[in-house]
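Contents: one structure, followed by commentary.
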Amino acid sequence: MKIDFASSRQSTLGVEWELALVDGKTGELASVANQVLRGVASRHPELNEDDEHPHIKQELLLNTVELVTGICETAAEAKEDLNRSVAAVREITDPMGVELFCAGSHPFSPPQLQPVTDKERYAKLIDRTQWWGRQMVIYGVHVHVGLDRRDKALPVLDGLVNYFPHFQALSASSPFWGGEDTGYASQRALMFQQLPTAGLPFQFTSWAEYESYVQDMFTTGVIDTISEIRWDIRPVPALGTIEMRICDGLATLEEVGAIAALTQCLVDEFSTTLNNGGTIPTMPPWHVQENKWRAARYGLDAIIILDAAGKEQLVTDHLLETLNRLEPVAAKLRCSDELADVEKIISRGAGYQRQRRVAAENGGNLQAVVLDLVKQMRNGPTA
């Protein structure tokens, strides 16, 4: 099959932020997305009753809303876009006593008790995936970056795969699951890959090989639409972007901006390399797979594999080297401040570290963890 790739301006940006709805007093998940979405839509007279808000979307679970930016030039613009959507949601949720929070998972609400949005595609997913599908009480941040040529998509995907553990470690925020500490920095990373076509992307040598793979998925009934290929990094032909879907949910707008800037800078660096006739190095799939596990298990303490030769380094040390290297790219893309915020995540601690710290300070009380996440979402990061 032939898959066209839409034309985008190089390094334009789009961000998707999945937010959980929780009871403001108990911290329990609140399955009120339908009421929230109706309330948001009612503030826009130009929308019909069944129209979806352009930036505030429905998700798999009724305890979730997704905020989606328009096409942005800078990370700062994406943050402003998301902030407007957060404010619009809060106009509805504040009078309901409902709060917003974001992490890779909810620390204690039972996954199997969370109702699914009444849509055919979601019902089909749960029917097919059964127990695993019912565990998908997880939240993430996705970043799209524009590519101006189709032949960049797969090399840029390979380039981002090299930085998989960096994104996973920075965003890891799902240590707790069903009231237990899993011992992992990101339980979400390992949970989500249980879905068909989710997990690490395959690495293809040509667009034609990718098209052949997609055709096989349709022919064998694995997918009904190309969007059902749920890789952690994937090309999005309809938008002309590469989509980075590695990250656990991030608690604050500052962190979302930091991850968006890092993604945009790396993709622009790869894109420029290709413009100049260069190539992007790849790693064997077994190194990539090991890096994912290490980052999910150890987070910012992970020792990661850097190249095909098997050289290793502490992920935070390599991140700091990467940030220094990307400073000129960030200046060009006008996201120097947001890229600098990546270092704040390292110094402050990633979400999983902060959650464990709050739990320890409160005698293991996970309600305190959720309410702290609620506070961070409203007021910004805490020291």
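Remark: the backbone N or O of Asp4 is not paired with any side-chain donor or acceptor of Arg150 at under 3.5 angstrom. Not a single donor-acceptor pair under 3.5 Å links the side chain of Ser173 to the backbone N or O of Asp248. The backbone N or O of Ile305 lies less than 3.5 Å from a partner atom in the side chain of Asn291, making a donor-acceptor pair. Of the possible donor and acceptor atoms, none in the side chain of Arg348 sits under 3.5 Å from a partner among the backbone N and O of Pro381. Remark: the backbone N or O of Gly14 is not paired with any side-chain donor or acceptor of Thr69 at under 3.5 angstrom. One N or O on the side chain of Ser8 and one on the backbone of Leu239 form a donor-acceptor pair closer than 3.5 Å. Checked by atom type and distance alone, the side chain of Trp207 never pairs as donor or acceptor with a backbone atom of Leu154 at under 3.5 Å. Checking side-chain atoms of Asp158 against main-chain N and O of Thr282 turns up no donor-acceptor pair under 3.5 Å. Thr252 places no side-chain N or O within 3.5 Å of a backbone atom of Gln376 that could act as its donor or acceptor partner. Side chain of Ser42 to backbone of Gly39: a donor-acceptor contact under 3.5 angstrom is found.
Using a 4.0 Å cut-off between a side-chain N of Lys or Arg and a carboxylate O of Asp or Glu, Glu16 and Lys57 do not qualify as a salt bridge. Note on Lys292 versus Asp232: salt bridge recorded, some NZ/NE/NH1/NH2 to OD/OE distance being below 4.0 Å. A salt bridge links Arg90 to Glu99: one of the charged nitrogens lies within less than 4.0 Å of a carboxylate oxygen.
Between Phe108 and His106, the ring centre distance stays below 6.0 Å.
For the salt bridge (charged side-chain N to carboxylate O under 4.0 Å, His left out) criterion with Glu255, the lone passing option out of Lys344, Lys79, Arg354 is Arg354.
Contact detail for Ile303 and Arg294: the closest heavy-atom pair is O-NH1, 2.8 Å. Closest non-hydrogen pair, His166 versus Val315, comes out as CA-CG2, 3.9 Å. Here the closest non-hydrogen pair linking Arg234 and Arg245 is NH2-NH1, 3.2 Å. The minimum heavy-atom distance between Leu339 and Leu262, with the atom names listed, is CD1-CA, 3.8 Å. Between Gln355 and Ala103 the shortest heavy-atom distance is NE2-CB, 3.6 Å. When all heavy atoms of Thr241 and Phe5 are compared, the pair lying nearest together is N-CZ, 3.6 Å.
Side-chain contact between Val161 and Leu200 is absent, with no heavy atoms from C-beta onward closer than 4.5 Å. Two residues are said to be in side-chain contact when any heavy atoms from C-beta on lie closer than 4.5 Å; His318 and Tyr163 meet this criterion. When side chains are defined from C-beta on, Cys335 does not count as touching Thr74, because their heavy atoms never get closer than 4.5 Å. By the 4.5 Å heavy-atom criterion applied to side chains, Leu21 and Leu100 are counted as neighbours. Phe101 has its side chain out of reach of Lys375: every pair of non-hydrogen atoms, C-beta onward, lies at least 4.5 Å apart. You'll find the side chain of Tyr298 stays beyond 4.5 Å of the side chain of Tyr352, heavy atoms only. Residues Gln353 and Arg357 have side chains in contact (heavy-atom distance under 4.5 Å, counting atoms from C-beta outward). Between Val374 and Met377 the shortest side-chain heavy-atom distance does not fall below 4.5 Å.
Side-chain contact check for Glu343 and Ser347: no donor-acceptor pair (N or O, by modelled atom type) lies under 3.5 Å. Remark: the Trp286 side chain and the Glu290 side chain contain no N/O donor-acceptor pair separated by less than 3.5 Å. With hydrogens and angles left out, the side-chain atoms of Ser186 and Gln168 include a donor and acceptor closer than 3.5 Å. Using modelled atom types, one finds a donor on one side chain and an acceptor on the other under 3.5 Å when comparing Glu321 with Gln313. Residues Glu28 and Ser109 bring a donor and an acceptor atom of their side chains to less than 3.5 Å of each other.
The neighbour count for Phe202 CZ, taken as heavy atoms of other residues, nucleotides or ligands under 6.0 Å away, does not exceed 12. Around CD of Glu180, the count of heavy atoms belonging to other residues, nucleotides or ligands within 6.0 Å does not exceed 12. Atom CG of Leu323 has more than 12 neighbouring heavy atoms from other residues, nucleotides or ligands inside a 6.0 Å radius. Arg9 CZ: 12 or fewer foreign heavy atoms inside a 6.0 Å radius.
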- Val86 and Leu253: CA distance, side-chain angles, deciding distance, side chain to side chain contact (heavy atoms under 4.5 Å, CB included) verdict: CA-CA 10 Å; Val86 169; Leu253 194 57; 5.9 Å; no
Any chance you could lay out the side chain to side chain contact (heavy atoms under 4.5 Å, CB included) test for Phe176 and Gln187, step after step, and finish with the verdict?
CA-CA 8 Å; Phe176 300 108; Gln187 155 74 354; over 6 Å; no
Starting from the C-alpha separation in whole Å, work towards a yes-or-no answer on side chain to side chain contact (heavy atoms under 4.5 Å, CB included) for Leu314 and Leu319. CA-CA 9 Å; Leu314 180 67; Leu319 263 167; over 6 Å; no
* Kindly determine whether Lys152 and Val267 satisfy side chain to side chain contact (heavy atoms under 4.5 Å, CB included), including the steps that lead there. => CA-CA 10 Å; Lys152 288 182 176 180; Val267 173; over 6 Å; no
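Atom CD of Gln264 sits about 10.0 Å away from atom CD of Gln10, to the nearest 0.5 Å. To the nearest 0.5 Å, atom CG of residue Leu266 and atom OG of residue Ser11 are 11.0 Å apart. Taken from CD1 in Ile233 to CZ in Phe167, the straight-line distance is 8.0 Å, to the nearest 0.5 Å. Of the inter-residue distances, the one linking Ile229 atom CD1 with Ile223 atom CD1 reads 4.0 Å to the nearest 0.5 angstrom. Atom NE2 in His55 sits 10.0 Å away from atom CG in Leu82 (nearest 0.5 Å). A distance of 3.5 Å separates NE2 of His144 from CD of Glu243, quoted to the nearest 0.5 Å.
Linking ILVMFWY residues whenever their side-chain heavy atoms come closer than 4.5 Å, directly or via other members, places Val342 and Val141 in the same cluster. Hydrophobic clustering (ILVMFWY, side-chain heavy atoms < 4.5 Å, transitive): Val145 and Val256 are in one cluster. Criterion: ILVMFWY side-chain heavy atoms under 4.5 Å apart, direct or through other members. Under it, Ile304 and Tyr184 are not part of a common hydrophobic cluster. In the hydrophobic cluster analysis, where Ile, Leu, Val, Met, Phe, Trp and Tyr join through side-chain heavy atoms closer than 4.5 angstrom, Val65 is grouped apart from Leu373. When hydrophobic clusters are built by joining Ile, Leu, Val, Met, Phe, Trp and Tyr residues whose side-chain heavy atoms come closer than 4.5 Å, directly or via intermediates, Val358 is grouped together with Val370.
Ring orientation note: the planes of Tyr213 and Phe204 are tilted relative to one another, at an angle of 30° to 60°.
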